[in-house]
Amino acid sequence: MPELPEVETIKRDIKTNLIGHKIESVWTDWPKQLKPSQEEFEKAVIGKKFKSVSRRAKLLIFRLDDGTRLLMHLKLTGRILYRSQNDSEDKFTHIILKLDRGKELRFADMRKFGWMKVLRDEGELDKLLSEFGIEPFTQDFTVENFKKILTNKKAPIKPLMMDQAVIAGVGNIYADESLWCAKIHPLRAANTLSDQETKELFECIQEALKSGIKDRGTSVDTYVDFFGLPGQHEQNLKVFRKDGEPCPRCNTLIRKIRVGGRGTHFCPICQKL
DNA sequence: GGCATCCTGACC
DNA sequence: GGTCAGGATGCC
């Protein structure tokens, strides 16, 4: 599942490899993944060059050389791949942007939840971006702001952390890992965290995401980078999908429960409810 | 918050 | 054939 570290890894590789390429044509066998429609999408991108790329939450934002804004979201199983025309087929490819110099950007997505979208105007982008919460690794992400978010929130801490309108970019893997790191139970009501716990969770979120980026992402499922290579972070996971295995801190067996409809892994002794 | 929805593959 | 996997949205 691509979360902030995975999307950030792809973004960095795109910066040094895709920028400057021209889109010559578009192929798809699943037009629903092109928004607002295949026709509008093609009209907006064909003949244009990639000028820049950025990331907000789990969203990739491209600017083309005429100012067109192109967004991509990988959702659960999306892959963005940089390939040559004659490279062998990638399974589940549903969109291909055919580029100059014999290259292709392939969008492969087993479950077809991901999408590419062109925006009509700048206001639309601003509105979309303004709905995201605090972006980790920016000046806005401080312990004080984090504390403000948790105050008066009776909700369990984990779903709150995964709410993109609260903190942008944290998904299921890094939420479980951050909570283990901070020794906080995923069902803990957000407003019951002590100042010390708030500070630890704040630091653990940054640490978990940073560590994921350093390892070029987590490939427990289908994630691969821009070149089709898996990330290395799986070997550094402490609890995610480790149910039945000993906690690296206290040896208690990791348990799996369901929180907010998501599989949730935690140590029942270390992590305080 | 819960739950359904968008989808398909893996697994029992 | 049923369940699970989980990012985001939309309806309650």
Side-chain angles (χ1 to χ4, degrees), chain A residues 1-11 28-38 55-61 71-80 90-95 107-117 119 124-125 127-133 135-136 149-179 185-192 209 212 217-224 231 233-234 237 239-244 254-266:
Chain A
M1 305 120 260
E3 303 179 28
L4 187 152
E6 289 74 30
V7 180
E8 179 66 23
T9 300
I10 293 172
K11 185 204 81 182
T28 183
D29 69 349
W30 203 260
K32 276 176 81 170
Q33 291 188 283
L34 294 175
K35 294 163 187 287
S37 68
Q38 181 179 2
R55 179 194 58 75
R56 178 84 166 98
K58 302 165 192 170
L59 195 61
L60 282 172
I61 305 156
L71 309 184
M72 298 187 195
H73 202 303
L74 300 170
K75 293 292 185 93
L76 297 175
T77 56
R79 294 173 159 184
I80 295 175
D90 291 288
K91 229 179 162 188
F92 310 119
T93 298
H94 297 299
I95 302 166
F107 193 88
D109 187 0
M110 182 184 85
R111 289 172 67 181
K112 300 176 176 170
F113 286 178
W115 45 257
M116 290 190 192
K117 182 179 192 173
L119 295 185
E124 205 180 340
L125 180 63
K127 184 174 178 293
L128 214 144
L129 297 186
S130 70
E131 283 163 11
F132 286 119
E135 183 71 34
I149 291 171
L150 305 185
T151 320
N152 301 328
K153 299 256 177 30
K154 288 182 192 165
I157 185 71
K158 184 182 173 188
L160 198 69
M161 289 167 67
M162 288 175 64
D163 185 342
Q164 299 304 294
V166 176
I167 304 173
V170 176
N172 208 34
I173 298 174
Y174 296 96
D176 280 1
E177 293 295 312
S178 304
L179 286 166
H185 194 290
L187 284 172
R188 185 75 175 278
N191 61 1
T192 66
L209 295 173
T218 305
S219 290
V220 286
D221 263 332
T222 55
Y223 166 76
V224 293
H233 195 56
E234 182 171 3
L237 295 178
V239 285
F240 187 78
R241 297 214 183 148
K242 304 278 189 194
D243 35 314
I254 300 299
R255 282 193 55 202
K256 182 177 180 185
I257 56 171
R258 200 157 267 276
V259 177
R262 302 282 176 259
T264 296
H265 316 77
F266 70 105

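Just so it is clear, the model here is predicted, and its values are computed rather than measured. Each chain gets a letter, A, B and so on, in the order its sequence line appears, and its residues count up from 1.
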Minimum-distance nucleotide (side-chain atoms of [X] versus [options]):
{"X": "A:Ala155", "options": "B:dG1, B:dC7, C:dG7", "answer": "B:dG1"}
{"X": "A:Arg111", "options": "C:dA8, B:dT8, B:dG1", "answer": "B:dT8"}
{"X": "A:Pro156", "options": "C:dG7, B:dG1, B:dT8", "answer": "B:dG1"}

**Report entry** A:Ile80: which of A:Met72, A:Lys11, A:Met116 passes side chain to side chain contact (heavy atoms under 4.5 Å, CB included)
**Finding:**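 Passing option: A:Met72.
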Taking [atom1] from [X] and [atom2] from [N], how many angstroms apart are they, rounded to a whole number?
{"X": "A:Arg262", "N": "C:dC4", "atom1": "CZ", "atom2": "C1'", "result": "12 Å"}
{"X": "A:Phe107", "N": "B:dC7", "atom1": "CZ", "atom2": "P", "result": "14 Å"}
{"X": "A:Asp109", "N": "B:dC6", "atom1": "CG", "atom2": "P", "result": "16 Å"}
{"X": "A:Leu74", "N": "C:dG7", "atom1": "CG", "atom2": "C1'", "result": "10 Å"}

Query raised in the report: In terms of side-chain geometry, is the basic nitrogen of A:Lys127 or A:Glu124 positioned less than 4.0 Å from the acidic oxygen of its partner?
Result: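 Judged by the 4.0 Å cut-off on N to carboxylate O distance, A:Lys127 and A:Glu124 do not form a salt bridge.
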Query raised in the report: Is the phosphate of C:dA8, meaning OP1 or OP2, less than 4.0 Å from a side-chain N or O of A:His73?
Result: yes
At 4.0 Å (heavy atoms only), tell me whether [X] reaches a base, stays on the sugar-phosphate, or touches nothing.
{"X": "A:Gly263", "value": "sugar-phosphate"}
{"X": "A:Lys32", "value": "sugar-phosphate"}
{"X": "A:Phe240", "value": "sugar-phosphate"}
{"X": "A:Lys75", "value": "base"}

Query raised in the report: Are A:Phe113 and B:dC7 stacked, counting the six-membered base ring, centres under 5.5 Å, planes under 30°?
Result: no
Query - Passing candidate, side chain to side chain donor-acceptor pair (under 3.5 Å) with A:Arg241, options A:Asp176, A:Thr218, A:Asp221 - result: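 Considering A:Asp176, A:Thr218, A:Asp221, a side chain to side chain donor-acceptor pair (under 3.5 Å) with A:Arg241 is found only for A:Asp221.
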Query raised in the report: Hey, does the side chain of A:Thr77 reach the backbone of A:Asp109 with a donor-acceptor pair shorter than 3.5 angstrom?
Result: no
Query raised in the report: P atom, C:dA8 versus B:dG9: distance in rounded Å?
Result: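 One P to the other, the span is 23 Å.
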